[in-house]
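We name chains A, B, ... by the order of the sequence lines, and we start the count at 1 in each one. What you see is a predicted model; the values in this text were computed from it and never measured.
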Protein chains: 2
Amino acid sequence: MPVVSCAPTVGRPRAFDMDTALGKALEVFWRKGYDGTSLSDLTDAMGINKPSLYAAFGNKEQLFLKAIELYESRPCSFFLPALEKPTAYEVAEHMLFGAAMNMADSNHPQGCVVIQGALSCSEAAATVKEALINRRLEGEQKMRNRFERAKAEGDLPATADAETLARYLGTVLQGMAIQANNGASCEQLRQVAEMTLQAFPRA
Amino acid sequence: MPVVSCAPTVGRPRAFDMDTALGKALEVFWRKGYDGTSLSDLTDAMGINKPSLYAAFGNKEQLFLKAIELYESRPCSFFLPALEKPTAYEVAEHMLFGAAMNMADSNHPQGCVVIQGALSCSEAAATVKEALINRRLEGEQKMRNRFERAKAEGDLPATADAETLARYLGTVLQGMAIQANNGASCEQLRQVAEMTLQAFPRA
DNA sequence: AGATTTATGTACTTGACGGTAAATAACCCT
DNA sequence: AGGGTTATTTACCGTCAAGTACATAAATCT
């Protein structure tokens, strides 16, 4: 028996799977953005009615934030696995090629919902915009920390600037999301990845 | 006397300056995106009433498209001047440093309206989204043509891939727009520009 | 001066938005 | 079987969206 709230043991059982529905919501937000997504878009895609949505997920804003969490926890996500590669160069390599593969994947909307979910947006979306900016900054911070470690471990020259390297990589990854929205193919993104790596210092 | 429609000579004169009002509209679209901008946002910023807006600019969509034209025609715009530099490397250099300066400029919203005006959006914004994608692709095409010329003129090695160079540069520029939205400073963007140039072939 | 033309201000229409109330349905526990 | 609990359905609320009708104001043309 779990300690914190899980599926309740009494009452009418939920007729839909929350994770599946959340996945559908994620896809809509990803494709249309927060402002561009209406509750009808969501309930249509999720196959539920509004009261079910509100009971299960709170409101539109909270649903969005939960969808982002799901997005980042996906096993196909390339970011965290790339960080665990043995050298800074391999980290960058896996990050860039993983992004090329993932962002152009036609099994889901192109690009990255953390980047395009609420880039320019209404005041009503200010909270989710902030949340996305923080996610992006955290991602860069993680890369920076990883590169600091690489300097300590000697697989990056001591003269390397971990912060700038992380920001450079972040910039290219974010640009690749726009490219994917432009219709760029996986192969085209891989070529960009190759060029990006040419500026990346090796041990 | 101009051939095509200019300011009419009869009737009550317009009480506001169209270019000034269009500039205000641009700023709102830039900050809030197409979906996130309401007509009230626009009329408030432009200092006019809705009927004046509709009479002068058509509707929300046409107003947006005209605002984008204004954006690209701005003298402070860095893109076209950069293309005219004598060598491919200098083109890239001016493009990147121009973008660093422009996108973090706090005299207007951060980033680039062509990128963030309608990235992920509702179906109602599909037309403007397409228009923006086309603008971005045209920009890359112009860079590609410039780099083809550079190969012919010998300031890029014959082995260079003009298309990939253009896409790489486009990717970084687009990424810089996201960085600016994240709050990156001009100096931080300049550091990214420096790294980007390290992957750029010289003659 | 008066007719014509164009812009402005106010008020309005229609529909969609996010969100909710209330009644009903489906389950568990005793 | 019946009460307690939770989910679903339908219908609705108030607000704000984009866009417009209409009367009025300010200019030019004859």
Item to check | Interatomic distance, A:Leu39 CG vs D:dC16 P [rounded to whole Å] | outcome: 16 Å
Next on the checklist: What's the closest nucleotide to the side chain of B:Tyr54 if the choices are D:dG19, D:dT9, D:dA17?
Outcome noted: D:dG19
Checklist entry - Do the side-chain N or O atoms of A:Thr9 get closer than 4.0 angstrom to the phosphate oxygens (OP1, OP2) of C:dC29? => result yes
Checklist entry - In terms of side-chain geometry, is the basic nitrogen of B:Arg144 or B:Glu148 positioned less than 4.0 Å from the acidic oxygen of its partner? => result yes
Checklist outcome for this item: Walking DNA chain C from its 5' end, the first of B:Ala15 and B:Gly11 to be reached, judged by nearest nucleotide, is B:Gly11
Next on the checklist: Rounded to whole Å, please give me the gap between CZ in A:Arg12 and P in D:dT6.
Outcome noted: 14 Å
Checklist entry - Among side-chain atoms of A:Ser38 and A:Asp41, is any donor-acceptor pair under 3.5 angstrom? => result yes
Checklist entry - Cation over ring, B:Lys129 on B:Tyr34, under 6.0 Å and within 45°? => result no
Checklist entry - Hey, does A:Pro13 reach any base, or is it just sugar-phosphate, or nothing, if we go heavy atoms under 4.0 Å? => result sugar-phosphate
Checklist entry - For B:Glu123 and D:dA18, what is the distance between atoms CD and P respectively, to the nearest whole Å? => result 17 Å
Checklist outcome for this item: Rounded to whole Å, CZ of A:Phe16 lies from C1' of D:dT6 at a distance of 12 Å
Item to check | Sugar-phosphate, base or nothing in reach of A:Thr37, heavy atoms under 4.0 Å | outcome: sugar-phosphate
Item to check | Nearest-neighbour nucleotide for the B:Val10 side chain, D:dT28, D:dT5, D:dA7 considered | outcome: D:dT28
Next on the checklist: Looking at B:Glu153 and B:Arg149, is there a salt bridge between them, counting it only when a charged N and a carboxylate O are closer than 4.0 Å?
Outcome noted: yes
Item to check | Separation of D:dA18 P from A:Asp35 CG (nearest whole Å) | outcome: 11 Å
Checklist entry - Counting only side-chain N and O atoms of B:Asn49, is one of them less than 4.0 Å from OP1 or OP2 of C:dT8? => result no
Checklist entry - Which one, D:dT10, D:dA7, C:dT10, comes nearest to the side chain of B:Pro51? => result C:dT10
Checklist entry - If only side-chain N and O atoms of B:Ser52 are considered, is one of them under 4.0 Å from the OP1 or OP2 phosphate oxygen of C:dT8? => result yes
Next on the checklist: Considering every strand and a 4.0 Å limit on heavy-atom distances, what is the contact class for B:Ala55: base, sugar-phosphate, or nothing?
Outcome noted: nothing
Item to check | Geometric class of the B:Phe64/B:Phe29 ring pair [parallel <30°, tilted 30-60°, perpendicular >60°] | outcome: perpendicular
Item to check | Under 4.0 angstrom between B:Lys50 side-chain N/O and D:dG19 OP1 or OP2 | outcome: no
Next on the checklist: If I take atom CG in residue B:Leu42 and atom P in nucleotide D:dA17, what distance separates them, rounded to the nearest angstrom?
Outcome noted: 11 Å
Item to check | Pairwise 5' ranking along DNA chain D for A:Gly47 and B:Gly58, keeping only the more 5' one | outcome: A:Gly47
Item to check | Any side-chain donor near an acceptor of the partner, B:Gln179 and A:Gln174, under 3.5 Å | outcome: yes
Next on the checklist: Rounded to whole Å, how long is the line connecting atom CG of B:Leu53 with atom P of D:dT20?
Outcome noted: 12 Å
Next on the checklist: Looking at C:dC17, I'd like to know if its phosphate oxygens (OP1 or OP2) sit under 4.0 Å from a side-chain N or O belonging to A:Ser40.
Outcome noted: yes
Item to check | Integer-rounded Å distance: D:dA18 P and B:Ile48 CD1 | outcome: 14 Å
